[in-house]
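Remarks on the structure that follows.
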Amino acid sequence: MKFDTPATQNPIDQLKVVGQGLDRIDGPLKTTGKAPYAYEHHDTVPDAAVGYVLGAAIAKGRIGAMDIEAARRAPGVLAVVTAQNAGKLGKGKMNTATLLGGPDIQHYHQAIALVVADTLEQARAASRLIRVQYERAAGAFDLAAAKRGADNAGKKGRDHAGGNAGKPDRVGDFERAYVAAAVKIDHTYRTPDHSHAMMEPHASTAVWEGDALTLWTSNQMIDWGRSDVAKTLGVPKEKVRLVSPYIGGGFGGKLFVRADAVLAALGARAARRPVKVALPRPLIANNTTHRPATIQRVRIGATRDGKITAIAHESWSGDLPGGKPEEAVQQTRLLYAGANRLTVQHLMELDLPEGNAMRAPGEAPGMMALEIAMDEMAEALGLDPVEFRVRNDTQVDPAAPERPFSQRRFIECLRTGAQRFGWAERSARPGARREGRWLVGMGMAAAFRNNLVTDSAARVRLDAAGQVIVETDMTDIGTGSYTIIAQTAAEMLGVPLAKVIVRLGDSDFPVSAGSGGQWGANSATAGVYAACQKLRTVVLERLGFAAEGAVFAEGSVTDADGRKALLRQAAADGELVAEDVLEFGGLDKTFQQSTFGAHFVEVGVDAYTGETRVRRMLAVCASGRILNPKTARSQVIGAMTMGIGSALMEELAIDQRAGFFVNHDLASYEVPVHADIPWQEVIFLDETDPASSPMKAKGVGELGLCGVGAAIANAIHHATGVRVRDYPVTLDKLLAGLPQPPVAGRFPPAASP
Ligand code: MOS
């Protein structure tokens, strides 16, 4: 089915099942521990040996010599795989560094060996017996230093294939308009490297049958993964099966196959036995990908009444040679009006581990900078931050006025949020509200994330019992895919949810959009919609009913002439099967498709210690039809929680001498816990977007994160008067600007925030 004209009325609009806040259909499997994750296919693969990954102890250089003999002879060891004995390996399209390093080392903890043994303990102990002689080379690990070097050399970073690094994107004449602007700001912001820190580590179980490989793995994108495994191992794609039915979080860290998958396959081949590999937690931060740090300069010029006339956003980020920049300026091309615009992304070559997508790549760190800048500009203008944003709304792409947004209810998000949060009670003056030792402030920020669409296919079966079975290689990374796909099929075929079985995450199934870029829910259900439309046609043909005006409801089919049959009667002589792919035409070109929102936050900052506690949070989202308000809300409150992490805690600290992330485990890479999370509320505007898909839905899972960090930073500024432009906003950055502590012994009692 081709989707190239905006959707009209269709069966989804009935909203009997779709749009309902139903519980997850996979919930009981998960809460009872019966959903098998990639490392837990003990029933299917009872004889798996265990592989343990050894990571490089240098960031850059070569392995001069490697002695694996002692490891090979250690108790229980079945095989030791290294680049030297693994045979020629290719490189996946989605990987910047190779997944099995040696002799050249590209980054710290790059895998250099896999030890396979009967038990994990044996494999781990044997890995310690491997002797490696490194020839260390000097590397670049400091983004700020790399930027300074490039600035001084007058170079603007390097060009790369996937974007416009170093090449400015211009509308009008920014420089002239900025100079002429009555009110202006010019500030530089920093966001650190982030780790995905998902609960389930990267894990894979590999089984060879002859020359055919089955890989149970934790992966968001089955077809990308299948292609990259085939390419890396040099085997035909048809010989590789990827199975990923349950995933314990990904956040973009599992968009690509990583060392666990490739090494499990190599280990199983070498040991002639199934092998499972989980990346130990302390290996993940440096061995896999991370969200790259950014330095972002934002300049805004406006008239005295708050109309933006000039806006520039420049971003610097780093990656390994051949990598990509963090697309942190994306939203600045679209979010606010202004005739003169400049955006540019500079890519610096660094020898840190591979940078790549993490939840809302681009907008997440980009909004952390832009939305503080908007707050600073509102302050410079003496305008309320909500009002300032309202004044600079645009209903068209500012770079291409003939291109409207398909839907843009940004102002309504701002106004609804302000009203609901009690924004009117906020004093315009920072530092005005104090409760005991707590300085209390409110901040807000816009939310913005583009709506991407990706072709998606599905197969739907109807059996003689009236059971509907949906098969697609779509994944559920904790987002609710199983449930919204079941809702879609139930709505389309007029059956109760309990009559639908959903099978996901298997490369034997039709190729879906996968879980990435917040395109999964809308795109994958649209693929299921297409397959169900086809099945409806097959059913009507089988029943001899006219297609025009037929109704599928309550397990029955009725045609325009009033003839009625049970749905299952159509399959009485054998199962009916329909498969289709929803192909997105050019509607994402005709219309700018984006999702919008507003975040409101109240914080308390301890006047003496600088400790920040978030007290209240509200997100208002406009992102098309909400397929399931319960799973969608969970996505948004999860994202708001992640936003607290990026505002206050998360930072991969770099050892500048050795070139690695020091805090590479969950004891030292801090993420929010339950005690950090306050009252949270989410409001979805009631809307549909007919240009985005037949589902009229859009993404929301990443939108919920975009802007949260800035809303918190802005609230901290409002509470304290201290402006921090360097994330995370930790207490050491606040202390110097806080009120003087009182004399010893006269400390007000600590109160809960
Ligand atoms: Mo998302 S960072 O594309 O999984």
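For this chain, numbers begin at 1 and follow the sequence in order. For ligands, and for the atoms within them, numbers begin at 1 and follow the listed sequence.
Between the side chain of Thr96 and the backbone N or O of Leu320 there is no donor-acceptor pair closer than 3.5 Å.
Set against the non-hydrogen atoms of Arg359, the atoms of ligand 1 under 4.0 Å away are 2 (S). Each of the atoms 1 (Mo), 3 (O), 4 (O) of ligand 1 lies under 4.0 Å from some heavy atom of Gly516. Near Leu255, meaning under 4.0 Å from any of its heavy atoms, are these atoms of ligand 1: 3 (O), 4 (O). Taking a cut-off of under 4.0 Å to the non-hydrogen atoms of Met358, the atoms of ligand 1 that pass are 2 (S). Of all atoms in ligand 1, listed by their number and element, those nearer than 4.0 Å to a heavy atom of Pro361 are 2 (S). Those atoms of ligand 1 with a heavy atom of Ala357 less than 4.0 angstrom away are 2 (S).
Two residues are said to be in side-chain contact when any heavy atoms from C-beta on lie closer than 4.5 Å; Phe251 and Ile477 fail this criterion.
Looking at Asp689, Leu703, Asn450 one by one, the single match for side chain to side chain contact (heavy atoms under 4.5 Å, CB included) with Thr595 turns out to be Leu703.
The number of heavy atoms from other shown groups lying within 6.0 Å of NZ (Lys93) does not exceed 12.
Here the heavy atom of the protein found nearest to atom 4 (O) of ligand 1 is Gln220 NE2, 2.8 Å. Shortest contact from atom 1 (Mo) of ligand 1 to any protein heavy atom: Glu702 OE2, 3.1 Å. Shortest contact from atom 3 (O) of ligand 1 to any protein heavy atom: Gly517 N, 2.6 Å.
Checked for salt-bridge contact, Lys2 and Asp455 miss the test: no charged N lies under 4.0 Å from a carboxylate O. Classification of Asp169 and Arg333 as a salt-bridged pair holds, one side-chain N sitting under 4.0 Å from a carboxylate O.
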Open item on the list: Would His107 and Glu354 count as a side chain to side chain donor-acceptor pair (under 3.5 Å) here? Give the steps.
Closed with: CA-CA 8 Å; His107 63 87; Glu354 183 174 340; 5.5 Å; no
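In terms of N/O distances under 3.5 Å, ligand 1 is not approached by Phe251.
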